[in-house]
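Take a look at the structure set out below.
Letters go in sequence order (proteins before strands), and every chain restarts at 1.
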Amino acid sequence: MEKKIYLDNAATTKTRPEVVEAMLPYFTEKFGNPSSIYEFASQNKKAVDEARGIIAKALGAEISEIYFTGGGTESDNWALKATADAYASKGNHIITSKIEHHAILHTCEYLEKHGYEVTYVDVNENGIIKLDQLKKAIRPTTILISIMFANNEIGTIQPIKEIGQIAKEHNILFHTDAVQAFGQLPIDVNEMGIDLLSASAHKLHGPKGIGCLYIRKGAKLRSLIHGGAQERQRRAGTENVPGIVGFGKAVEIALETMEERKEKQIQLRERLIKRVMAEVPYTRVNGDRMKRLPNNVNFSFQFIEGESLLIMLDMNNICASSGSACTSGSLDPSHVLLAIGLPHEIAHGSLRITLSDENTEEEIDYTVDKIKEIVNKLRQMSPLYEDYLRGSRQK
Amino acid sequence: MEKKIYLDNAATTKTRPEVVEAMLPYFTEKFGNPSSIYEFASQNKKAVDEARGIIAKALGAEISEIYFTGGGTESDNWALKATADAYASKGNHIITSKIEHHAILHTCEYLEKHGYEVTYVDVNENGIIKLDQLKKAIRPTTILISIMFANNEIGTIQPIKEIGQIAKEHNILFHTDAVQAFGQLPIDVNEMGIDLLSASAHKLHGPKGIGCLYIRKGAKLRSLIHGGAQERQRRAGTENVPGIVGFGKAVEIALETMEERKEKQIQLRERLIKRVMAEVPYTRVNGDRMKRLPNNVNFSFQFIEGESLLIMLDMNNICASSGSACTSGSLDPSHVLLAIGLPHEIAHGSLRITLSDENTEEEIDYTVDKIKEIVNKLRQMSPLYEDYLRGSRQK
Amino acid sequence: MYTEKVMDHFSNPRNMGEIENASGVGTVGNAKCGDIMRMYLDIDENGVIKDCKFKTFGCGAAVATSSMATELVKGKTVQEALQVTNKTVMEALDGLPPVKVHCSLLAEEAIHAALWDYAEKNNIKIEGLSKPKEDIHEEEKEPEY
Amino acid sequence: MYTEKVMDHFSNPRNMGEIENASGVGTVGNAKCGDIMRMYLDIDENGVIKDCKFKTFGCGAAVATSSMATELVKGKTVQEALQVTNKTVMEALDGLPPVKVHCSLLAEEAIHAALWDYAEKNNIKIEGLSKPKEDIHEEEKEPEY
Ligand SMILES: Cc1ncc(COP(=O)(O)O)c(C=O)c1O
Ligand SMILES: Cc1ncc(COP(=O)(O)O)c(C=O)c1O
């Protein structure tokens with residue numbers, strides 16, 4: 001295929017043309033600083049608050065509970081560090097899961113170095129958090145539970161409402177990293193008992209470098225970034241007006257098209273899974289088959305290694321990933337795949353495909369053909385496959 | 001005048017059309033995540049590194065010493081907090097000045113609450129830091145000196161090279177907040193002995209929400225934002241590729257046009273100062289007359305209050321500021337004007353005008369006419385002026 | 001940030017100026033906080049405020065509340081003028097931003113101070129009026145960050 | 001991320017496959033780290049490597065270094081083959097990204113392991129060759145973050 005087939009929408013998405021359109025005036029015509037006093041700048045303040053309103057509504061939150069940040073990672077850092085700081089007098093224990101994004105895990109490591117204790121709850125073989133283990137982990141000193149809404153690698157959707165309930169019963173703040181879920185799944189912070197929620201625009205066809213943190217009214221979070229009085233004195237720094245406007249527009253479109261995209265993506269996803277499972281032996285699908293993001297597929301192909309597979313797909317104009325984008329330069333197999341119990345060599349042979357509403361059946365069919373071809377080629381090259389065949393022959 | 005006269009370029013600047021042009025492809029065509037492995041994304045990695053190279057060159061730094069952030073405020077927070085964290089075993093004392101931006105001052109307050117000690121060095125009546133006081137403030141436990149390159153309110157340029165030398169002699173890290181200076185003044189981190197430097201794109205006709213921190217090789221700064229392995233594992237979060245590309249382009253243009261802009265702005269600045277001082281009595285210029293940014297003027301008009309002046313200028317289509325944009329919603333008089341020794345009522349009557357290369361003589365002349373008119377009107381309204389006149393009459 | 005009414009009273013302040021030999025003059029606020037208001041009252045022998053003028057050093061809201069306050073007390077009796085509170089002034093201006101509410105308090109105090117001056121000069125006691133704070137040089141607490 | 005040469009050897013690997021009844025076979029690496037290389041050598045009575053084939057489970061660099069290594073040792077004597085180091089392999093590929101340098105080491109080790117197997121089978125001692133690490137099941141330290 002001549003055209004690029006982009007199947008890595010969990011890494012980042014194309015900014016929608018309507019979003020870029022909405023942003024453009026705020027670079028050159030309406031470039032003022034929203035904090036300035038003159039009329040020329042007040043239109044920017046208004047634009048920022050409109051975007052805030054859109055996002056608040058999408059989450060069932062109040063407009064004053066949305067705070068803009070420089071991205072999902074900053075939101076995660078803020079939620080964890082500032083809660084830890086603000087509630088240090090209450091306790092020093094945080095509960096999270098083994099399959100969180102590095103933005104959570106490495107922040108937890110940082111906190112562990114600074115006197116906090118962290119429990120990393122297990123997931124089952126389908127990648128769903130073990131609720132009984134989570135409940136048992138609660139201590140009198142627990143100040144925060146942070147469990148992601150949906151996983152970025154295997155797409156599993158966590159029982160957020162149940163966790164919200166547990167947190168509420170124990171009077172513990174509940175944060176969820178909804179970077180992958182926001183825009184794909186309906187979210188209601190009140191119904192689900194969420195106190196803090198991270199989101200990032202570039203995962204839902206908005207621009208990069210802008211995100212937000214929902215902070216429930218009353219949560220006494222400190223600032224992570226100190227300085228000017230922006231974002232109601234909680235997040236300093238001149239507002240990224242075009243980014244914020246673009247985030248708002250992207251959320252607006254995501255909400256409007258959610259149902260339609262979901263149906264289309266599930267249909268493509270199932271077609272992909274069905275064909276691959278039928279045509280490529282020694283393959284498994286990672287993560288719960290039902291409780292998963294509409295756009296996520298994660299395969300493990302035995303006997304082969306993921307990077308080779310990715311490069312060969314790339315040579316055929318197919319963009320995919322073998323884990324989270326951030327770690328694809330690393331040698332470690334994915335911590336998420338290990339957490340669901342895959343042995344190392346199988347974890348190494350994983351492929352993540354994440355769809356957008358622009359993908360077509362034709363693209364999926366072409367991709368399956370190529371996967372088949374390449375997996376076959378790599379297995380011919382693999383000493384593990386050789387050993388396996390020899391072993392079977394000897395049996 | 002029908003057209004808007006924008007004289008608040010220290011608050012933020014218009015993104016240059018060439019900059020927006022350079023950014024655009026990275027929203028929709030080349031939207032990939034630079035960390036991804038496929039060819040499609042590697043062009044983004046390249047674009048990021050090109051921008052990094054431009055900025056490194058502009059600072060006389062190495063390309064590997066530039067780290068992108070979400071803005072000047074984040075850079076300032078990072079520089080201070082991460083140095084404090086990394087060098088805590090060496091000491092807990094930081095030296096800064098009384099006229100820093102709130103991004104520095106409020107971060108210092110945060111650090112003071114967490115066991116660090118901060119000395120705030122005075123400036124003289126011209127707004128230049130007292131070097132002898134700075135030297136005397138040094139203790140065996142001093143781990144960082146943070147002095148801004150140029151002040152955002154009164155435009156004064158600090159003796160950076162001398163401070164760099166002092167820091168080096170005492171083996172102390174030296175950070176400078178160059179958010180206002182970068183793009184306006186030549187900077188060489190090696191010649192000036194700078195170890196850490198903050199910059200922000202939107203102050204030099206680049207986009208909002210993107211900045212950088214220069215970190216000298218060998219400085220063992222920790223991360224402020226933890227997560228993925230971006231920015232050589234020091235600043236996590238998906239790279240804001242369009243923002244970074246725009247930052248690079250803006251710096252490129254700023255460097256090319258620096259001399260030309262400087263001449264033009266100094267000429268306009270001097271015309272403005274000359275006319276106002278000649279035509280509006282009871283007026284002073286704040287900040288050193290020579291050691292100041294080419295584009296900055298800061299007046300105090302006795303007997304009147306700044307916000308009224310700003311609103312009336314705004315009604316005449318003139319955008320200006322009476323302190324830093326972040327605090328213009330506050331009741332405090334500017335901490336910078338107090339630091340140079342102005343009494344409160346005079347500090348309240350200040351006006352900051354900051355030029356860009358788009359301003360014209362005509363605009364300046366019109367502005368002076370309006371200032372004259374408005375200051376006169378406000379003085380007629382002022383009980384302080386009434387008292388002053390009565391007092392003079394009685395003499 | 002301001003309502004149309006505020007902007008109107010700011011750009012075209014009513015009753016700005018001084019009254020020579022005023023029946024009462026009151027000055028409140030302090031330069032440190034950036035607001036000083038002075039009210040002049042001309043009160044006739046029936047205790048009716050025939051004229052009222054102001055001078056103000058301060059922000060847009062300070063000017064507008066002064067202007068509105070003069071309008072509100074003009075033609076009223078002293079007792080009626082005492083009913084003009086900061087709330088009355090704010091409502092008449094269609095509201096003020098939260099950080100500017102103190103301006104309307106200042107306007108109320110300025111009227112009271114001028115009335116107090118009038119009462120002292122005429123050696124009378126006005127029911128419900130207490131001595132205004134002499135806060136023109138008072139140190140105010142810096143607002144907390 | 002990879003040079004053209006690496007991409008060439010990755011997409012068209014030379015000498016991929018097995019040699020039946022090889023003179024020596026060596027397997028190095030481990031699945032935990034995601035790289036396993038197996039080298040087959042066919043060595044004649046004069047100690048010349050007449051044929052060399054590989055199988056590799058691993059990343060692009062692992063495949064390319066294996067391929068290049070087979071090219072480099074083919075036709076060489078055992079002693080000459082010992083001179084083929086990871087550096088030789090890397091240079092022949094116009095370089096590798098820093099995180100992938102270990103792949104070239106693996107290629108060197110794989111050749112050594114195959115030569116060791118050849119020496120053991122034939123009961124000879126090869127000057128300068130030491131027993132390769134049996135690290136196929138060895139636990140490796142996780143890289144530090
Ligand atoms: C689950 C999850 N959390 C956090 C992040 C970080 O978001 P960002 O890259 O916008 O900082 C990502 C994406 O990289 C993610 O998938
Ligand atoms: C001197 C100085 N430092 C830091 C900042 C903060 O930069 P930003 O608004 O990009 O976060 C500013 C501008 O607001 C500034 O003028």
Between [X] and chain B, with a heavy-atom cut-off of 4.5 Å, which part of the residue counts as in contact: side chain, backbone, both or neither?
| X | result |
| --- | --- |
| A/Glu239 | backbone |
| A/Met23 | side chain |
| A/Val241 | both |
| A/Lys81 | side chain |
| A/Ile225 | both |

Chain A: which of [options] shares the most heavy-atom pairs with it under 4.5 Å?
| options | value |
| --- | --- |
| B/Ala103, B/Gly70, B/Pro34 | B/Ala103 |
| B/Thr69, B/Asp76, B/Asp85, B/Leu80 | B/Asp85 |
| B/Phe68, B/Tyr110, B/Phe31 | B/Phe31 |
| B/Ala41, B/Cys319, B/Gly71 | B/Cys319 |

- Looking only at A/Met315, A/Glu74, A/Glu29, A/Lys30, most heavy-atom pairs under 4.5 Å shared with chain B are made by A/Glu74

- For the candidates A/Asn240, A/Val20, A/Leu105, A/Ile244, which exhibits the highest count of non-hydrogen atom pairs separated by less than 4.5 Å from chain B? A/Asn240

- Given side-chain contact (heavy atoms from CB on, under 4.5 Å), test A/Asn33 with B/Asp8 step by step and report yes or no. CA-CA 9 Å; A/Asn33 188 322; B/Asp8 201 12; over 6 Å; no

- Taking all non-hydrogen atoms of both residues into account, name the closest pair between A/Ala320 and B/Tyr38 and its distance. O-CE2, 3.1 Å

- Minimum heavy-atom distance between B/Thr73 and A/Gly237, given as atom pair plus value: OG1-CA, 3.3 Å

Quick one: [atom1] on [X] to [atom2] on [Y], what's the gap to the nearest 0.5 Å?
| X | Y | atom1 | atom2 | result |
| --- | --- | --- | --- | --- |
| B/Ile37 | A/Leu313 | CD1 | CG | 10.5 Å |
| B/His114 | A/His114 | NE2 | NE2 | 9.5 Å |
| A/Phe40 | B/Asp314 | CZ | CG | 10.5 Å |

- Between B/Thr13 and chain A, which part of the residue has a heavy atom less than 4.5 Å away: side chain, backbone, both or neither? backbone

- Taking the side chain as every heavy atom from C-beta outward, state whether A/Leu224 and B/Asn77 have any pair of such atoms under 4.5 Å apart. no

- Task: Among B/Asn44, B/Ile210, B/Thr238, find the residue that satisfies the side chain to side chain contact (heavy atoms under 4.5 Å, CB included) test when tested with A/Lys208.
- Result: B/Thr238

- Message: Looking at B/Glu39, I'd like to know if its CD atom is crowded, meaning that more than 12 non-hydrogen atoms belonging to other residues, nucleotides or ligands lie closer than 6.0 Å.
- Response: no

- Query: Counting distance only, does the side-chain N/O of B/His106 pair as donor-acceptor with the main-chain N or O of A/Gly227 below 3.5 Å?
  - Reply: yes

